[in-house]
Amino acid sequence: MTKRIQPQQTAAFYAQAVASFGISLTSMAIGLVYLPAAPWVRAFLTLGLLYVVTSTVVLCKVVRDRQEVSEVSSRVDQARLDKLLTEHDPFKVDAA
C-alpha cells in the first residue's frame, strides 16, 4: 500500500498565521474603541466582529474535518484495491 505524503506546515507559516490573526483582531478592536460613534454602535460592531471571528473558526474546522474524512475513505479504498491486486493470480486455473 502506498502512503500519501502529507504536506507539513512550517513553523514560520504557523507563526505568520497566528501573528496575522492577532494583528487583525487587535487592530479592529482598537479601531472600534476609538470609533467616533455612540456606544451602542460600537457595541453592535464589536458583536459583529466576534461573530465573524467565531464563524471563521467554525468554517476552518468544518473544512479540515471534511478533508480528513475524504482522506481516510480514500486510504480505505486504496487498501482494498491493494489487497485485491495482491490476491489476484492471473494464471490460476479453477478446478472443475
Side-chain angles (χ1 to χ4, degrees):
M1 177 166 73
T2 60
K3 189 173 184 181
R4 289 188 188 170
I5 297 173
Q6 293 291 331
Q8 298 293 322
Q9 294 178 354
T10 63
F13 178 77
Y14 182 76
Q16 181 182 5
V18 170
S20 174
F21 178 76
I23 290 169
S24 66
L25 191 60
T26 303
S27 63
M28 282 299 299
I30 290 171
L32 286 173
V33 167
Y34 291 108
L35 182 69
W40 71 268
V41 173
R42 288 193 305 237
F44 178 78
L45 292 175
T46 302
L47 285 177
L49 175 64
L50 291 175
Y51 183 63
V52 168
V53 169
T54 56
S55 297
T56 303
V57 170
V58 170
L59 177 64
C60 290
K61 183 183 180 320
V62 167
V63 168
R64 185 198 63 201
D65 290 347
R66 180 176 284 181
Q67 180 197 11
E68 286 178 353
V69 165
S70 68
E71 184 176 309
V72 167
S73 65
S74 69
R75 280 188 180 175
V76 169
D77 291 342
Q78 183 65 36
R80 287 181 184 155
L81 179 63
D82 288 345
K83 182 181 177 190
L84 284 173
L85 289 175
T86 56
E87 291 175 352
H88 176 68
D89 184 7
F91 300 111
K92 182 179 178 182
V93 177
D94 291 331

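These numbers were taken from a predicted model, which means no experiment stands behind them.
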Problem set entry | Ser24 backbone acceptor or donor facing Ser27 side chain under 3.5 Å | yes

For this session: Using the salt bridge (charged side-chain N to carboxylate O under 4.0 Å, His left out) rule, collect all pairs that involve residues 53-63, keeping only residues at least two apart or in two chains.
Result: Lys61-Asp65

For this session: Only counting residues at least two apart or in another chain, list the ones meeting side chain to side chain contact (heavy atoms under 4.5 Å, CB included) with Phe13.
Result: Gln9, Thr10

Exercise. If you link I, L, V, M, F, W and Y whenever their side-chain heavy atoms are under 4.5 Å apart, who else ends up in the same group as Val18?
Worked result: Tyr14

For this session: Could you identify which residues cluster with Ile30, counting Ile, Leu, Val, Met, Phe, Trp and Tyr as linked when any side-chain heavy atoms lie under 4.5 Å apart, either directly or through a chain of such contacts?
Result: Val33, Tyr34

Exercise. Among all residues two or more places apart in sequence or in another chain, which pass the side chain to side chain contact (heavy atoms under 4.5 Å, CB included) test with Thr56?
Worked result: Val52, Cys60

Seminar exercise, completed: Besides Leu50, the hydrophobic cluster formed by Ile, Leu, Val, Met, Phe, Trp and Tyr side chains linked at under 4.5 Å, directly or via other members, contains none

Problem set entry | hydrophobic_cluster_shared for Val57 and Leu49, side chain cutoff 4.5 Å | no

Exercise. Leu25, Leu35: one ILVMFWY side-chain cluster at the under-4.5 Å cut-off?
Worked result: yes

Exercise. Is the backbone N or O of Gln16 less than 3.5 Å from a side-chain atom of Ser20, with the two atoms forming a donor-acceptor pair by type?
Worked result: no

Exercise. Arg66: what forms a side chain to side chain contact (heavy atoms under 4.5 Å, CB included) with it, not counting sequence neighbours?
Worked result: none

Exercise. What pairs meet the salt bridge (charged side-chain N to carboxylate O under 4.0 Å, His left out) rule with one or both residues in residues 44-59, with sequence neighbours excluded?
Worked result: none

Problem set entry | Partners passing side chain to side chain contact (heavy atoms under 4.5 Å, CB included) against Leu59 (at least two apart in sequence or in another chain) | Val63

For this session: Run through the side-chain heavy atoms of Ile, Leu, Val, Met, Phe, Trp and Tyr, join any pair under 4.5 Å, and report what else lands in Val58's cluster.
Result: Val62

Exercise. Which pairs pass side-chain hydrogen bond (donor to acceptor under 3.5 Å, both in side chains) with one or both residues in residues 36-49, sequence neighbours excluded?
Worked result: none

